[in-house]
2 protein chains.
Amino acid sequence: MERKLINELKSGERVKIQGWLHKIRSLSKVSFLVIRDRTGMIQCVLENDKFEMQGIKLESILEIWGTVVEGKNSIRNIELQVEKVNVINLVEEELPITINSNKIESNLETQLNNRVLSLRNENNNYIFKVQAMLSQGFAEFLINEGFTQIYTPKLVAEGAEGGTALFKVNYFEKQAYLAQSPQFYKQMMVASGYERVFEIGHVYRAEEHNTSRHINEYVSMDLELGFIEDEQELINLETKMLQYILSKIESNFSNKFNMLGIQIPEIQEEIPQITLSEAIEILKIKYSRNDLTTDLDPSAEKQICEHAKKEFDSEFIFITDYPRSKRPMYTMPKGEFGTRSFDLLFRGVEITTGGQRIHEYSKLMENIKYKGLNPEDFNFYLDAFKYGMPPHGGLAIGLERLTAQLLGINNIREVTLFPRDRTRLKP
Amino acid sequence: MERKLINELKSGERVKIQGWLHKIRSLSKVSFLVIRDRTGMIQCVLENDKFEMQGIKLESILEIWGTVVEGKNSIRNIELQVEKVNVINLVEEELPITINSNKIESNLETQLNNRVLSLRNENNNYIFKVQAMLSQGFAEFLINEGFTQIYTPKLVAEGAEGGTALFKVNYFEKQAYLAQSPQFYKQMMVASGYERVFEIGHVYRAEEHNTSRHINEYVSMDLELGFIEDEQELINLETKMLQYILSKIESNFSNKFNMLGIQIPEIQEEIPQITLSEAIEILKIKYSRNDLTTDLDPSAEKQICEHAKKEFDSEFIFITDYPRSKRPMYTMPKGEFGTRSFDLLFRGVEITTGGQRIHEYSKLMENIKYKGLNPEDFNFYLDAFKYGMPPHGGLAIGLERLTAQLLGINNIREVTLFPRDRTRLKP
């Protein structure tokens with residue numbers, strides 16, 4: 001008999017199910033087992049003389065034959081009347097953490113140390129199904145817009161952002177680094193004739209600080225597109241993309257989100273945008289923040305989002321026109337001190353950085369020198385600008401940050417399968 | 001006026017196009033320009049008194065207004081009568097390689113050194129559009145089969161295959177390595193309740209040999225699924241998956257493939273399979289190969305594929321039942337010396353390795369010792385087997401190898417955007 005998935009069971013059927021033993025409650029004559037597979041849970045009613053459950057520990061893998069009948073219980077309005085039980089893989093040791101409650105009691109460190117177990121809890125498990133759908137939505141939307149998915153090297157000879165916070169790799173006789181971003185390569189791919197490219201892949205930041213919103217290896221969803229007029233085209237593209245992704249999430253997870261009290265944000269036709277100077281002015285007037293000059297700090301990001309919610313009824317806000325001093329050398333200047341750049345803030349946190357890039361070789365050389373950098377360090381990247389680089393721009397979204405903000409989760413480690421931070425390399 | 005893409009142009013329209021100057025031929029009164037964008041090429045007819053093309057080098061970025069008219073030329077049956085030309089980005093230096101011929105004359109090293117330029121040639125450019133579709137096909141098929149896409153760490157504390165050929169990374173006070181495969185993590189994700197997972201991501205092999213079929217960083221398409229009966233389920237899944245992927249390729253690239261004389265392989269309902277012992281016997285009898293005992297070498301792989309083509313009319317063949325001595329410690333044994341494992345050969349090269357895994361803790365411990373390995377080295381991985389691991393198995397496909405074999409390309413560097421080998425870290 002073929003295995004049936006639990007969420008496909010219908011009253012009246014004789015079936016075989018397979019899964020984990022989630023709960024058990026034994027009375028004198030019958031036992032109530034809850035079995036869990038990837039699709040859900042079901043209560044199974046077992047007469048004790050049919051199979052000896054004594055000694056079968058929770059989370060053992062069982063195979064159960066029986067008939068689906070109507071029946072009231074806390075899980076669903078059907079249950080399984082058990083004919084036969086087979087133990088596929090027995091748990092012999094005590095579980096290090098309890099996972100069959102609504103919320104796991106153990107702290108995050110313990111949960112991460114026991115990741116295989118803690119992820120089985122349904123309030124952890126769904127996180128990575130949502131995350132998978134976020135990245136698939138990103139890919140689908142862009143493929144429909146004529147983008148080509150690319151895979152660029154993470155082993156690089158030099159850093160894209162100027163050489164700090166790089167992990168060193170022993171590469172045969174040479175020194176290599178782990179890429180901080182696919183920035184150079186995605187720009188080069190625009191110039192290679194693909195015009196529109198995206199990449200979903202790991203990036204590495206050797207930053208020493210351990211905060212709840214930083215990890216050292218994360219998934220960056222990057223896009224870059226050629227023949228744009230200005231940065232507004234990127235802002236429009238991201239707006240449409242987020243609408244697409246969130247509607248996909250809505251149609252797949254609205255029940256789960258309702259149960260957990262998670263709101264899916266509405267995105268207006270146009271996400272509000274303000275310049276950084278306007279943001280700083282608002283923060284000065286409304287929040288007495290007199291300390292900000294050329295950038296927002298984490299609490300300013302929260303305050304601006306509060307402002308956007310009140311003033312524009314939006315959970316998203318674009319901050320534009322960051323100063324040249326604060327943006328990388330490849331950023332297109334706007335006037336003498338500004339740039340054609342933006343951040344997107346969502347529920348108090350920056351989830352995107354983007355902007356138009358310089359496409360003329362001479363201007364790029366100029367800006368590299370303005371930034372006090374050495375053009376020699378960027379030889380192969382610079383070459384791409386000599387032989388026909390179209391006007392272009394792009395952006396990057398941190399997949400884990402987007403997941404965290406959407407689900408209202410505070411620590412980025414919770415939305416990373418196996419986080420890597422200052423002290424954690426295992427599991 | 002909005003930009004129109006070249007493959008969307010229709011006779012009679014007034015349009016603006018943008019792209020690279022692919023070719024130019026000037027007569028006394030008119031010039032014939034060929035403009036290229038990401039969708040194709042078109043010939044443009046320019047009266048010389050309208051715009052001075054003298055000094056405008058090939059590959060400059062132009063913007064051209066004009067009217068599409070019918071007209072015979074070597075590219076298409078329409079052409080553009082130019083009204084106005086605007087130079088968006090001028091090429092000022094001589095191009096280091098010539099790319100506007102059918103095939104680039106420069107050798108592979110030169111092409112890789114000038115990757116941005118060499119990829120513009122249409123016989124290079126399409127390779128990575130095909131590659132993108134191969135990986136999208138992999139993802140789409142698996143999502144439809146209930147798989148969850150995962151992103152697992154590439155910075156690891158230990159290797160999955162036993163510690164050789166690992167790149168070392170300086171990770172703060174610790175030593176880390178670059179992952180050779182997501183093997184441990186994908187198995188753990190099966191146990192985490194996802195049951196069916198896949199990952200498309202980079203893996204790293206610090207192998208010192210420089211051959212045409214090895215690179216040190218490549219994209220591995222990995223899948224793992226729980227609650228299987230045996231390795232035949234994996235073989236069936238891969239067969240259906242390849243059918244899906246190839247039909248997607250066929251509907252998108254059949255014209256291009258026809259032009260290049262590339263055959264899309266037919267996949268029968270069932271791909272033929274033989275055991276390794278049978279393969280070795282066949283090689284002995286038919287190819288006088290008396291040197292093979294427990295594995296196939298590259299030329300044996302070619303010979304077996306030749307045999308499969310002749311005997312079964314198939315370009316694919318599964319080789320099953322590899323000996324325990326030749327497979328990693330996690331491979332499910334079959335009898336005393338065999339394993340429930342397989343390779344898939346395609347047009348002379350192995351493109352997949354897969355098999356059922358051991359799911360019982362005690363058997364895994366036994367096999368680790370049988371292999372002469374130290375269980376201490378695999379602590380966190382082993383823990384996953386204590387607390388409810390379902391029977392499972394999986395496989396991995398090398399994306400670059402699949403691309404190369406499909407397109408009939410010999411050197412794997414040609415199907416890697418920016419290959420990393422023994423000596424190459426740039427661009």
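Since we're looking at a predicted model, the values are computed, not measured. Keep in mind that the numbers below use all heavy atoms, side chains included, and drop hydrogens, waters and symmetry copies. A, B, ... follow the sequence lines: proteins, then strands. Residue 1 opens every chain.
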Top residue by heavy-atom pair count (under 4.5 Å) with chain B, among [options]?
{"options": "A:M188, A:R422, A:K426", "value": "A:R422"}
{"options": "A:L155, A:L417, A:L5", "value": "A:L155"}
{"options": "A:Y194, A:F380, A:Y381, A:Y218", "value": "A:Y194"}
{"options": "A:T39, A:V116, A:L119, A:T152", "value": "A:V116"}
{"options": "A:S135, A:P419, A:S60", "value": "A:S135"}
{"options": "A:L21, A:N216, A:I88, A:N379", "value": "A:N216"}

Which residue out of [options] racks up the most heavy-atom pairs below 4.5 Å with chain A?
{"options": "B:R115, B:E140, B:K154, B:K129", "value": "B:K154"}
{"options": "B:E360, B:E217, B:K174", "value": "B:E217"}
{"options": "B:E229, B:E173, B:K57", "value": "B:E173"}
{"options": "B:G19, B:P427, B:A132", "value": "B:P427"}
{"options": "B:Y185, B:F172, B:F385", "value": "B:F172"}
{"options": "B:S118, B:P153, B:A384, B:G226", "value": "B:P153"}

Side chain / backbone / both / neither for [X] at chain A, heavy atoms under 4.5 Å:
{"X": "B:V169", "result": "both"}
{"X": "B:Q187", "result": "neither"}
{"X": "B:Q136", "result": "side chain"}
{"X": "B:L178", "result": "side chain"}
{"X": "B:L117", "result": "side chain"}
{"X": "B:K168", "result": "both"}
{"X": "B:D37", "result": "both"}
{"X": "B:M133", "result": "neither"}
{"X": "B:R36", "result": "neither"}
{"X": "B:I143", "result": "side chain"}
{"X": "B:N125", "result": "both"}
{"X": "B:L399", "result": "side chain"}

Do [X] and [Y] get their side chains close enough for a donor-acceptor pair, meaning under 3.5 Å?
{"X": "B:E400", "Y": "A:Y151", "result": "no"}
{"X": "A:Q111", "Y": "A:N121", "result": "no"}
{"X": "A:N114", "Y": "A:R120", "result": "no"}
{"X": "A:R413", "Y": "A:N210", "result": "yes"}
{"X": "B:N113", "Y": "B:R424", "result": "yes"}

- Yes or no on salt bridge (Lys or Arg N to Asp or Glu O under 4.0 Å) for B:R3 and A:E195, after CA distance, side-chain angles and deciding distance? CA-CA 13 Å; B:R3 175 195 192 200; A:E195 294 185 19; 3.1 Å; yes
How long is the gap from [atom1] on [X] to [atom2] on [Y], to the nearest 0.5 Å?
{"X": "B:F378", "Y": "B:E376", "atom1": "CZ", "atom2": "CD", "answer": "11.0 Å"}
{"X": "B:I35", "Y": "B:I17", "atom1": "CD1", "atom2": "CD1", "answer": "5.5 Å"}
{"X": "B:Y177", "Y": "A:L425", "atom1": "OH", "atom2": "CG", "answer": "10.5 Å"}
{"X": "A:E199", "Y": "A:T148", "atom1": "CD", "atom2": "OG1", "answer": "12.5 Å"}
{"X": "A:E59", "Y": "A:I99", "atom1": "CD", "atom2": "CD1", "answer": "3.5 Å"}
{"X": "A:I150", "Y": "B:F128", "atom1": "CD1", "atom2": "CZ", "answer": "10.5 Å"}

Could you look at [X] and say if it's the side chain, the backbone, both or neither that has a heavy atom under 4.5 Å from chain B?
{"X": "A:Q175", "value": "backbone"}
{"X": "A:Y204", "value": "side chain"}
{"X": "A:L58", "value": "neither"}
{"X": "A:E122", "value": "neither"}
{"X": "A:K386", "value": "both"}

- Query: Is the closest side-chain heavy-atom distance between A:P390 and B:Q18 below 4.5 Å?
  - Reply: no
- Can you check salt bridge (Lys or Arg N to Asp or Glu O under 4.0 Å) on B:E2 and B:K16, steps first, answer last? CA-CA 7 Å; B:E2 279 224 345; B:K16 179 178 86 176; over 6 Å; no
- Query: Do the rings of A:F167 and B:Y171 sit parallel, tilted or perpendicular, given the 30° and 60° boundaries?
  - Reply: parallel
- Query: For the side chain of B:K248 and the backbone of B:G137, is there at least one donor-acceptor N/O pair under 3.5 Å apart?
  - Reply: no
Under 3.5 Å, which donor-acceptor pairs link side chains of residues 89-97 of chain A to any protein atom two or more places apart or in another chain?
{"unit_1": "A:N89", "atom_1": "ND2", "unit_2": "B:H359", "atom_2": "O", "d": "2.7"}
{"unit_1": "A:N89", "atom_1": "ND2", "unit_2": "B:M389", "atom_2": "O", "d": "2.7"}

